[in-house]
K.L.:
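Input: one structure, supplied below.
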Amino acid sequence: MSPLSISLVAFLCIFGAAIAGIFLKEHLPDHFLSEESRTIIKAARGVVVGLAALTLGLLIATAKGSFDLKETELKDAAAKMIALSHLLHKYGNQAEKAQASLRRVARGGIEVIEKTARSGLHADDVKGTTIDDLLTDLIALPEQNASQTWVKNSALSLGNEIATSRWKIYQRSSSTVSPLFLAVLVFWLMTIFFSLGLISPFNAAVVSALFTASLSMTGAILLTLELDQPYGGLIKMTTEPLKMALQQFK
C-alpha cells in the first residue's frame, strides 16, 4: 500500500474510534462515567499519550535520518562522478570512451530515480550494464607512464565506489518503518481518541476538534512514511545532483 493509502486507513481508524467513543457514551449507565471513572480514564490516557508521543517522535526521527542518508549517498555518488570525469580529462582523447560510459551512468541514474517514482525500485534497474561498461573502459585505459598509472588506479577506485553506491541505494530502498510498530502506534492513537470520545459531549465543535486532531496525527504518520520512501510519493529524492554532474561533464 502507498503511504497515502496507509495514512487514510489510519485516519479512519483514529477518527472512527473517537466517534465510537461518543456514541458508546450515550448507551452507558451514568455510573460508568462518574467522576472517579473519568479520573481513571484520563490517567490511563495520559500513559498512552506518553507512549504514543515517544513512538511517533522516534518514527519521524528514524525516517528523517533514513531520508538524509539516502540523499547524502546520492550526492556523494554524483560528486565521485564529477571527480572521475576530471581524472579522465587528464587522459585526453584516450579516455573518450570511458567519458561516454560515465555520462551514460549518470543519465541511467536519473532514469532509475524517475522510473522508481512511478513503479518502485527493482534490482534489474540498478545493476544494468552501464556501470560494467564504465569499469571495463577504465580497465582498458593505457599506462604509458607513472602519472597515467596513478590516474588509472584512482579512476578505478572511484568507479568501484560509484558501483557500490548504486547497490547501497537499492539495498536501502526498503522501508525502515516496521509495519508492526506502525500498527501498535495506530492502536495507541485509537485508544487515546476513544477515551476522548467517552468523556466528550456530542456537538459540532467537539467533532470538529476531534477531526482536526485525528487529521494532525495522520499527517505525522504520512510525513513519516513519505520520508521513509523518498524514491516516490509526495516527498521525492531529487535528481539535481546527477543533472549537475552531467553539466560538469560537458
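Predicted model only: the values in this text are computed from it and were never measured.
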K.L.:
Treating D228 as the side-chain partner and T224 as the backbone partner, does any N or O pair qualify as donor plus acceptor under 3.5 Å?
P.N.:
no

K.L.:
Do the non-hydrogen side-chain atoms of I199 and K25 ever get within less than 4.5 Å of each other?
P.N.:
no

K.L.:
If every non-hydrogen atom of P241 is compared with every non-hydrogen atom of A78, which pair is closest and at what distance?
P.N.:
O-CB, 3.5 Å

K.L.:
Sequence neighbours excluded, which residues qualify as side chain to side chain contact (heavy atoms under 4.5 Å, CB included) partners of K97?
P.N.:
D137

K.L.:
For a quick test of reading the model, state the closest non-hydrogen atom pair linking L88 to A95 and the distance between them.
P.N.:
O-CB, 3.5 Å

K.L.:
Carefully, step by step, assess L84 and L138 under the rule side-chain contact (heavy atoms from CB on, under 4.5 Å).
P.N.:
CA-CA 10 Å; L84 178 56; L138 292 177; 4.3 Å; yes

K.L.:
Is there a path of hydrophobic side-chain contacts, each under 4.5 Å between heavy atoms, that joins W188 and L180?
P.N.:
yes

K.L.:
I60 and L189: same hydrophobic cluster, using ILVMFWY side-chain contacts below 4.5 Å?
P.N.:
yes

K.L.:
Whether the side chain of Y91 engages the backbone of L141 through a donor-acceptor N/O pair (distance < 3.5 Å, no angle test) should be reported.
P.N.:
no

K.L.:
Is there side-chain contact between L185 and M190, with heavy atoms separated by less than 4.5 Å?
P.N.:
no

K.L.:
Around atom CZ of F67, are there more than 12 heavy atoms from other residues, nucleotides or ligands closer than 6.0 Å?
P.N.:
yes

K.L.:
Could you pull out all residues at least two apart from D68 that satisfy salt bridge (Lys or Arg N to Asp or Glu O under 4.0 Å)?
P.N.:
K64

K.L.:
Once you round to the nearest 0.5 Å, how far does CG of N153 lie from CG of L158?
P.N.:
11.5 Å

K.L.:
Are K90 and Q148 close enough that some pair of their side-chain heavy atoms sits under 4.5 Å apart?
P.N.:
no

K.L.:
List, one per line, each side-chain donor-acceptor pair under 3.5 Å for residues 3-17, sequence neighbours excluded.
P.N.:
unit_1: S5; atom_1: OG; unit_2: S2; atom_2: OG; d: 2.9
unit_1: S7; atom_1: OG; unit_2: P3; atom_2: O; d: 2.8

K.L.:
Measure the spacing between CD1 of I82 and CG of L87 and express it to the nearest 0.5 Å.
P.N.:
12.5 Å

K.L.:
Kindly determine whether I221 and L182 satisfy side-chain contact (heavy atoms from CB on, under 4.5 Å), including the steps that lead there.
P.N.:
CA-CA 9 Å; I221 293 174; L182 186 61; 3.9 Å; yes

K.L.:
Which pairs pass salt bridge (charged side-chain N to carboxylate O under 4.0 Å, His left out) with one or both residues in residues 78-89, sequence neighbours excluded?
P.N.:
K80-E161

K.L.:
Going by heavy atoms in the side chains, are L227 and T62 under 4.5 Å from each other?
P.N.:
no

K.L.:
Is there a path of hydrophobic side-chain contacts, each under 4.5 Å between heavy atoms of I/L/V/M/F/W/Y residues, joining I162 to M244?
P.N.:
no

K.L.:
Could you tell me whether N93 atom CG has more than 12 heavy atoms of other residues or ligands within 6.0 Å of it?
P.N.:
no

K.L.:
For residues 147-160, pull every pair meeting salt bridge (charged side-chain N to carboxylate O under 4.0 Å, His left out), keeping only residues two or more places apart or in separate chains.
P.N.:
E143-K152

K.L.:
Tell me which donor-acceptor pairs under 3.5 Å the side chains of residues 203-215 have, and how far apart each pair is, sequence neighbours excluded?
P.N.:
unit_1: N203; atom_1: OD1; unit_2: A205; atom_2: N; d: 3.1
unit_1: N203; atom_1: OD1; unit_2: V206; atom_2: N; d: 2.8
unit_1: S208; atom_1: OG; unit_2: A204; atom_2: O; d: 2.8
unit_1: T212; atom_1: OG1; unit_2: S208; atom_2: O; d: 2.9
unit_1: S214; atom_1: OG; unit_2: L210; atom_2: O; d: 2.8

K.L.:
Looking at W150, is its backbone amide N or carbonyl O close enough to the side chain of S154 to form a donor-acceptor pair, meaning the two atoms are under 3.5 Å apart?
P.N.:
yes

K.L.:
More than 12 heavy atoms of other residues, nucleotides or ligands under 6.0 Å from NE2 of H89: yes or no?
P.N.:
no

K.L.:
Check for me, please, whether L56 and V186 land in the same ILVMFWY cluster - side-chain distances under 4.5 Å, paths through other members count.
P.N.:
yes

K.L.:
Output yes when a side-chain donor or acceptor of K243 lies under 3.5 Å from a complementary backbone atom of R107, and no otherwise.
P.N.:
no

K.L.:
Verify the cluster assignment for L51 and L196: are they in a single hydrophobic cluster under the rule of side-chain heavy atoms below 4.5 Å apart?
P.N.:
yes

K.L.:
Nearest 0.5 Å please: distance from the CD atom of E111 over to the CG atom of L242.
P.N.:
11.0 Å

K.L.:
Can you tell me how far CZ of R104 sits from CD1 of I131, rounded to the nearest 0.5 angstrom?
P.N.:
11.0 Å

K.L.:
Looking at side-chain heavy atoms only, is the closest gap between Q94 and Q144 below 4.5 Å?
P.N.:
yes

K.L.:
Is there a side-chain contact (heavy atoms from CB on, under 4.5 Å) between F181 and L58? Walk through the geometry before answering.
P.N.:
CA-CA 11 Å; F181 214 45; L58 178 61; 4.2 Å; yes

K.L.:
Between atom CD of E71 and atom CG of L69, what is the distance when rounded to the nearest 0.5 Å?
P.N.:
10.5 Å

K.L.:
Donor-acceptor pair, T55 side chain versus A52 backbone, under 3.5 Å?
P.N.:
no

